[in-house]
Trainee: 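Shown below is the structure under consideration.
The model shown is predicted, which means the values in this text are computed figures rather than measured ones. Chain naming here is simple, since letters A, B, ... match the order of the sequence lines and numbering starts at 1 in each. The figures here come from the full heavy-atom set of this structure, side chains too, leaving out hydrogens, waters and symmetry mates.
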Amino acid sequence: MNPLDIEAIRKDFPILQREIHPGKQLVYLDSAATAQKPTRVIEAMDRYYRWSNANIHRGVHVLAEEATMLYEDARRNVAGFIGARDAREIIFTRNTTEAINLVAYSWGRANLQAGDVIILTEMEHHSNLVPWQMLAQERQVRLEFIPVTDDGLLDMEEYQKLLMLAPKLVAFTQMSNVLGTINPAGEIIRLAHDAGAITLVDGAQSVPHIPVNVVDLDVDFLAFSAHKMCGPMGSGVLYGKTALLEKMPPFLGGGDMIRKVMLRSYAPNSIPHKFEAGTPAVAEAVGLSAAVDYLNSIGMDAIAAHEHEIVSYALEQLNQIPGVRILGPDADRKGGVVSFTLDIAHPHDVAQILYRHGIAVRAGHHCAMPLHDRYQIPATTRASFYIYSTREEVDHLVQGLEQVKAIFG
Amino acid sequence: MNPLDIEAIRKDFPILQREIHPGKQLVYLDSAATAQKPTRVIEAMDRYYRWSNANIHRGVHVLAEEATMLYEDARRNVAGFIGARDAREIIFTRNTTEAINLVAYSWGRANLQAGDVIILTEMEHHSNLVPWQMLAQERQVRLEFIPVTDDGLLDMEEYQKLLMLAPKLVAFTQMSNVLGTINPAGEIIRLAHDAGAITLVDGAQSVPHIPVNVVDLDVDFLAFSAHKMCGPMGSGVLYGKTALLEKMPPFLGGGDMIRKVMLRSYAPNSIPHKFEAGTPAVAEAVGLSAAVDYLNSIGMDAIAAHEHEIVSYALEQLNQIPGVRILGPDADRKGGVVSFTLDIAHPHDVAQILYRHGIAVRAGHHCAMPLHDRYQIPATTRASFYIYSTREEVDHLVQGLEQVKAIFG
Amino acid sequence: MDDLYREVIIEHYKNPGFRGELDPHDISFEDENPLCGDHIRIDLRVNENEVVTEAAFSGHGCAISQASADLLLEFIIGKTLDEIRQLTKDDLLELLGIELGPVRLKCALLSLKVLKAGVYGLGEASDSLVEGD
Amino acid sequence: MDDLYREVIIEHYKNPGFRGELDPHDISFEDENPLCGDHIRIDLRVNENEVVTEAAFSGHGCAISQASADLLLEFIIGKTLDEIRQLTKDDLLELLGIELGPVRLKCALLSLKVLKAGVYGLGEASDSLVEGD
Ligand SMILES: Cc1ncc(COP(=O)(O)O)c(C=O)c1O
Ligand SMILES: Cc1ncc(COP(=O)(O)O)c(C=O)c1O
C-alpha cells in the first residue's frame with residue numbers, strides 16, 4: 001500500500017486553501033465534527049441542481065427518471081461501500097442521530113417491554129444515549145453501561161457479566177469521538193448474538209475512517225453520517241438487515257412510504273421506502289455517492305494507515321509538552337482523534353488561542369458528557385485528522401500550544 | 001404591482017436552458033412536485049462548502065462561528081418570511097412530512113387521549129394523513145374529515161358541524177396539490193380556535209406561492225419544504241407558537257437538543273434546539289435562506305399574481321379541448337395547479353407523450369389517494385406553475401395534448 | 001424520438017384480442033402497481049399436458065400495461081406452463097419492441113408478474129419474478 | 001490578530017480579586033453555560049440603601065468567563081441594585097475591552113446573567129437578561 005499523495009489530495013479540498021488570517025492558512029483539525037468536502041462532491045450536487053433536479057419515484061419525465069436513477073444508484077453505491085448484500089438494506093436519513101432514533105422508535109417500541117435490558121457504553125455520543133433514555137423512560141426499559149477503563153478501553157470482562165442480564169440490544173460506537181478508541185466491534189457483536197441480543201453500531205466515526213464491512217461484522221444495524229465522510233450535510237444512513245427491517249413498523253408517515261392510503265388507514269410500502277417518508281434529500285444522496293467514490297478512489301485501508309501515522313506522530317509530539325494530559329489509548333488502538341487537557345488553561349481558551357494561529361480544533365464535551373464525567377473533567381480540547389491532514393499541521397498545533405503556555409504560564 | 005420580467009427570471013434558472021430532445025427545450029410544468037433552483041441558491045451552497053463549512057454551535061474557530069451565524073441568520077430570515085415574531089419559533093426539519101410527524105409524535109402523543117377528535121380534510125396529501133392515522137391507531141384517537149365538494153372546495157357547513165365534536169386539532173392544507181384550491185385558512189383557524197382546537201397548516205403548496213403570515217393567520221403550527229420554494233432538498237420548516245413548543249417534549253434525541261446528559265437521563269435544551277437533534281443540514285438552511293431572498297426580491301404578491309394569470313390562461317385553453325375534465329375550482333379560488341383527465345388516454349400515457357415534446361408534467365395520484373377516490377378516478381395528469389412559467393409553455397401543453405389525441409383518437 | 005406508442009401498442013390497447021374473464025378457469029391471478037394504480041387480472045385454461053388453451057385479461061391502466069397484457073397472452077397461447085415459467089423481462093420487452101425507463105417498465109412488467117405469480121401458484125406477486133438479468 | 005487575551009484579562013483570571021464565597025449573604029445566584037460547562041456563583045452583601053458593599057464569585061471555566069466575573073464584581077462595588085438592573089451587555093463588553101464571537105460572548109455574559117438574575121430575584125437565569133441591543 002502506497003502512502004497517500006497528500007499534496008494532490010489537499011488540492012481537492014477548496015476550503016484548505018483559505019487564509020484565516022493574513023498569511024495564516026487554515027489548519028483544519030476538526031474533522032471528527034465534520035469533514036471538509038472535495039470539489040467533486042460539491043460539483044456533483046451543483047450539477048444535479050443545474051441539470052437533473054426533480055422529485056423522484058413517481059414521474060415519467062426524464063428529469064424524474066434521472067433523479068430516481070441517481071438516488072437509487074447512490075443507495076447501491078453506499079451498500080457496496082459497507083459491504084451490504086442488498087441495496088434495500090440502506091435507508092437514507094438526515095444523519096446518524098436520526099438513524100439511531102429510527103431504530104429506537106420503530107424497532108424499540110415494537111420489541112421492548114418493561115424490564116428489558118439495553119447495553120450501551122460509557123463512551124457513547126449523546127446520539128447513542130438520549131434516544132435510548134427516551135425509550136427507557138417511556139417503556140421502563142433498563143439501561144446498562146459497559147465501563148471504560150482508565151486508558152480508554154471498554155472493559156470486556158464487565159461486558160461479559162452484563163450479558164448475563166440477557167439484553168435485547170447492545171448498541172455501541174465503533175470508534176469514540178473523544179478517546180479515538182476503536183472498539184473490537186466484531187467480538188462485541190458475536191458475544192451479543194450469543195447472548196440473544198441484536199446489535200446496533202454507531203459508525204459515525206468509523207465508517208469515514210476505517211474499512212467497515214457489515215457482513216463480516218454481522219452487525220444488525222449500522223448508522224453513519226455523510227458529512228463526516230466528505231459528503232454533504234443533511235444526509236445519513238441506516239443500514240439494517242432485511243429480516244429486521246421488513247418486520248419493523250414504519251417510523252415517519254407520509255408520501256412515498258406507503259403502498260396505499262385510504263382516509264382512515266394505510267398500507268406501508270416495501271423496504272427501504274417504508275422508512276423514507278416525504279421528499280428525500282436527493283442532491284445530498286448524490287453528494288454522498290460522490291464522496292463514496294472519492295474515498296474508494298483513495299482506498300479505506302490507505303486512509304486508515306495515513307491517519308494512524310498522523311495520530312502516532314501527534315501523540316509523540318503532544319506527550320512531550322509538560323502539562324498536557326491525553327485521554328484514550330495509544331496509537332495502535334485508536335483512530336485519528338486526540339483529546340487532551342492542559343493544566344494551566346481551560347480548553348476553550350486553548351482552542352481560542354490556537355485559532356489565532358489559524359488552527360481549528362474543538363473544545364468542550366464533544367457531545368459525550370457522561371464520558372467526561374467518568375474522567376471528572378468538564379471539557380477537553382480535541383484535534384482530529386482525516387485524509388488531508390499532515391505532519392506539518394501537527395507541528396502547527398504543537399507551536400500553538402507553546403503560545404498558549406506563554407500566555408498563561 | 002408590475003408584472004414579472006419573466007425573461008430575466010428564466011435566466012436565473014440554469015435547468016430551464018436544458019434541451020430535452022434536440023431542439024426541444026425543457027418545459028417544466030412540475031413545480032408542485034419540486035421547484036427548480038435559481039443560480040444564487042445553488043451558488044450559496046457551493047460557497048458554503050468551499051469557504052465556511054463546519055459543524056455548528058460548539059466551535060470557537062472561525063469556520064464554526066461563520067457556520068453558526070449563517071445557520072441562525074437563515075432561521076431569522078425564514079421567520080421574517082412568514083411573519084413569525086420570534087426566530088425561536090422556526091425549527092429546521094428535512095421536509096414538510098417530517099415537520100408534521102414532529103407535531104404528531106411530540107405534541108400529539110403528549111396531548112391526545114383515546115376518544116379525542118382530530119379534524120382533517122378529504123383533500124390532504126398523504127403527509128398530512130398518515131402521521132395522524134398512525135397516531136389514531138396507537139392512541140384510539142378519532143379522525144374526521146371535512147368533505148370536498150364536487151367543484152373542489154371544502155364544505156364549510158360540514159366543517160361547522162364537525163366542530164361540535166370539540167376537536168383537539170384541526171390540520172389542513174392551505175392549498176391542495178391536486179385541485180389547486182386555496183382554502184380559507186384564516187376562517188378555518190378562527191372557527192377551530194373558537195371550538196377550542198389548535199391548528200396545523202400544511203403550507204407545502206401555499207408558502208412557496210402566496211404570501212403567508214403566521215401572525216395574521218394566528219396558526220399554531222405551519223409546515224413547509226424548501227425544495228418547493230426554489231430552495232434545496234433536505235430542508236423543511238416547522239413553525240410553532242412559542243408557548244406550544246416550550247411545553248412539548250422532545251422528538252428525536254441526540255446531540256444539540258440537550259442541555260445536560262447523564263448516563264441515565266438528560267435535560268432538554270431550549271427551543272428551537274430542543275427539536276433539532278444531531279448535526280443539522282446547515283448548507284441546506286443557507287440555500288433555503290438564499291431562496292427566501294430570491295422570492296423576496298421578486299415579491300410574493302407579484303408571484304401570486306403571475307401564477308394567477310398563467311393558471312387562468314391554462315384553464316381557458318384546456319377547457320376548449322374536448323374530452324378534458326379539469327378537477328378543482330375556477331382560477332379565482334386556486335393557485336397554479338391544474339389536474340385533469342382526458343377521456344381517451346390514461347394519465348401516464350398523456351404524461352409520457354407530453355414528455356416526448358419536452359414537457360414535464362406529473363401523472364398519478366400525487367400522494368392524495370383518498371382525494372382521487374372521492375372523485376372516483378385512479379389518477380390524473382397535473383401541470384403546475386411557478387415564477388418562471390409562461391403562456392407559451394401553456395401553449396406547448398395544449399399542442400402536446402393535441403398530439404395525444406392524434407395518437408389515441 | 002422514442003416509439004413507445006408505435007402502432008402495434010396503440011392497436012392492442014384500443015382493440016385487445018384477449019380482454020375478458022374466463023369462468024371457470026384453471027389459473028387466475030391479479031395484482032396492481034401501487035405507483036400508478038394499474039390493475040391486471042389474468043385467467044388461463046390449460047389442458048392435461050399443461051398447455052395454455054385459452055387466456056383473458058381484465059383490469060385498467062395505461063396503454064403500456066394493457067397492451068403488454070394483450071401481447072403477452074397472444075404469445076402464450078399454445079405454450080406450456082413450464083415455458084411460461086422461463087419467460088423473462090427481456091422476452092416481454094422484445095414482444096413490445098420498445099425501450100422503457102424505470103417507471104414505465106413497471107407498467108409493462110405488471111402483466112408478466114401477474115402471469116408468473118399465477119402459474120407458480122404464489123400467494124403474492126413479487127418483483128423478483130420479473131427482475132434479474 | 002484579536003487581543004482577546006490582553007493582559008488585564010489574564011491578570012484577572014490568574015489573580016482574581018473577588019474569588020470566594022460570602023456567608024451569610026443577602027443575594028446569591030448561580031448558573032452554568034451548558035455549551036461549555038462554565039459555572040459561576042455570585043454572592044452579594046448590600047446595605048440598607050441597596051448599595052453593594054461586598055461581592056464574591058466562585059465556579060470554574062475559561063479565562064473569559066472567570067475574568068469577566070472578577071471585572072464585573074470590581075465594577076459593582078458601591079453601586080445600587082437599581083444601577084445593576086440597568087447594566088447591559090455593552091457595559092460588560094466595555095469593561096472587558098474586547099470583541100467576541102457569538103460562542104465566547106456567552107462565556108463573557110454568564111457572570112452578568114447570574115448577577116442580574118440574583119438581583120431581580122428570579123428563579124432562573126434567562127438569556128433575555130443580557131440580550132436585546
Ligand atoms: C400539500 C402537500 N403537503 C405535503 C407535501 C409533502 O412535502 P415533502 O415531500 O417535501 O415532505 C407536499 C408535496 O409533496 C404537498 O404538496
Ligand atoms: C460517535 C458519534 N456518534 C454520533 C454522532 C452524531 O452524528 P450526527 O450529528 O451527524 O447525527 C457523532 C458526531 O457528532 C459521533 O462522533
Trainee: Counting only heavy atoms closer than 4.5 Å, note whether B/Leu63 contacts chain A via side chain, backbone, both or neither.
Mentor: side chain
Trainee: Using the rule given for side-chain contact (heavy atoms from CB on, under 4.5 Å), can you reason through B/Thr97 versus A/Asp256, listing the C-alpha separation, both sets of side-chain angles and the distance that settles it, and then say yes or no?
Mentor: CA-CA 10 Å; B/Thr97 304; A/Asp256 281 350; over 6 Å; no
Trainee: Could you tell me which non-hydrogen atom of A/Gly255 sits nearest to which non-hydrogen atom of B/Cys367, and how far apart they are?
Mentor: CA-SG, 3.9 Å
Trainee: Name the option with the most non-hydrogen atom pairs under 4.5 Å to chain A; the candidates are B/Ala104, B/Ser265, B/Ala281, B/Pro280.
Mentor: B/Ser265
Trainee: Flag the one option from B/Gly236, B/Ala136, B/Ser52, B/Ser31 with the top tally of heavy-atom pairs under 4.5 Å to chain A.
Mentor: B/Ser52
Trainee: Let me know if A/Ala33 has heavy atoms under 4.5 Å from chain B in its side chain, its backbone, both or neither.
Mentor: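 Both the backbone and the side chain of A/Ala33 come within 4.5 Å of chain B.
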Trainee: Tell me, side chain or backbone of A/Leu263 under 4.5 Å from chain B's heavy atoms, or both, or neither?
Mentor: both
Trainee: Is chain B contacted by the side chain of A/Ile20, its backbone, both, or neither, given a heavy-atom distance below 4.5 Å?
Mentor: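 Contact with chain B involves the side chain of A/Ile20 alone.
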Trainee: To the nearest 0.5 Å, what is the distance between CG (A/Asn53) and CZ (B/Arg18)?
Mentor: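 Here the rounded value is 11.0 Å.
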Trainee: Which answer fits A/Ser225, side chain, backbone, both or neither, if we ask what part of it has an atom under 4.5 Å from a heavy atom of chain B?
Mentor: neither
Trainee: Give, as side chain, backbone, both or neither, the part of B/Ala35 having an atom under 4.5 angstrom from any heavy atom of chain A.
Mentor: backbone
Trainee: State the CD1-CD1 distance between B/Ile42 and A/Ile42, to the nearest 0.5 angstrom.
Mentor: 14.0 Å
Trainee: Output the distance between atom CD (B/Glu98) and atom OG1 (A/Thr93), rounded to the nearest 0.5 Å.
Mentor: 10.0 Å
Trainee: Search all heavy atoms of B/Pro250 against all heavy atoms of A/Met134 and return the closest pair with its distance.
Mentor: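 B/Pro250 and A/Met134 have their closest heavy atoms at O-CE, 3.7 Å.
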Trainee: Given that the side chain runs from C-beta out, which part of A/Glu43 has a heavy atom under 4.5 Å from chain B: side chain, backbone, both or neither?
Mentor: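 For A/Glu43, the side chain is the part near chain B, not the backbone.
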Trainee: Pick one of side chain, backbone, both or neither for A/Asn95, based on which atoms fall under 4.5 Å of a heavy atom in chain B.
Mentor: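 Only the side chain of A/Asn95 comes within 4.5 Å of chain B.
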Trainee: Could you go step by step and tell me if B/Val261 and A/Gln133 meet the side-chain contact (heavy atoms from CB on, under 4.5 Å) rule?
Mentor: CA-CA 10 Å; B/Val261 178; A/Gln133 293 175 348; 4.0 Å; yes
Trainee: Rounded to the nearest 0.5 Å, what separates atom NZ in B/Lys228 from atom CG in A/Asn55?
Mentor: 6.0 Å
Trainee: At a 4.5 Å cut-off on heavy atoms, which part of B/Phe251 comes close to chain A: side chain, backbone, both, or neither?
Mentor: both
Trainee: First locate atom OG of B/Ser127, then atom CE of A/Met257, and finally report the distance between them rounded to the nearest 0.5 Å.
Mentor: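 Answer for the OG-CE pair, B/Ser127 versus A/Met257, is 10.0 Å.
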Trainee: Would you mind checking which part of B/Ala277 comes under 4.5 Å of any heavy atom in chain A, side chain (CB onward), backbone (N, CA, C, O), both or neither?
Mentor: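 Answer is both: backbone and side chain atoms of B/Ala277 are under 4.5 Å from chain A.
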Trainee: Check whether A/Glu284 gets within reach of chain B through its side chain, its backbone, both or neither, counting any heavy atom under 4.5 Å.
Mentor: side chain
Trainee: Side chain, backbone, both or neither: which part of B/Ser235 has a non-hydrogen atom closer than 4.5 Å to chain A?
Mentor: neither
Trainee: Just how far is it from atom CE of B/Met233 to atom OH of A/Tyr49, taken to the nearest 0.5 Å?
Mentor: 6.5 Å
Trainee: Would you mind telling me which of B/Leu120, B/Val282, B/Leu129 has the largest number of heavy-atom pairs within less than 4.5 Å of chain A?
Mentor: B/Val282
Trainee: If I measure from the heavy atoms of chain A, does B/Glu66 come under 4.5 Å with its side chain, its backbone, both, or neither?
Mentor: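 Answer is side chain: those atoms of B/Glu66 sit under 4.5 Å from chain A.
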Trainee: So which heavy atom on B/Asp46 is nearest to which on A/Asp46, and how close?
Mentor: OD2-OD2, 2.8 Å
Trainee: Output yes when a side-chain donor or acceptor of B/Arg264 lies under 3.5 Å from a complementary backbone atom of A/Leu143, and no otherwise.
Mentor: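 A pair under 3.5 Å: yes.
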Trainee: Is B/Leu26 in contact with chain A via its backbone, its side chain, both, or neither, using a 4.5 Å heavy-atom distance?
Mentor: side chain
Trainee: Check this for me: A/Gln137, atom CD, are more than 12 non-hydrogen atoms of other residues, nucleotides or ligands nearer than 6.0 Å?
Mentor: no
Trainee: Starting from the C-alpha separation in whole Å, work towards a yes-or-no answer on side-chain contact (heavy atoms from CB on, under 4.5 Å) for A/Arg94 and B/Leu252.
Mentor: CA-CA 12 Å; A/Arg94 178 175 38 245; B/Leu252 304 181; 3.5 Å; yes
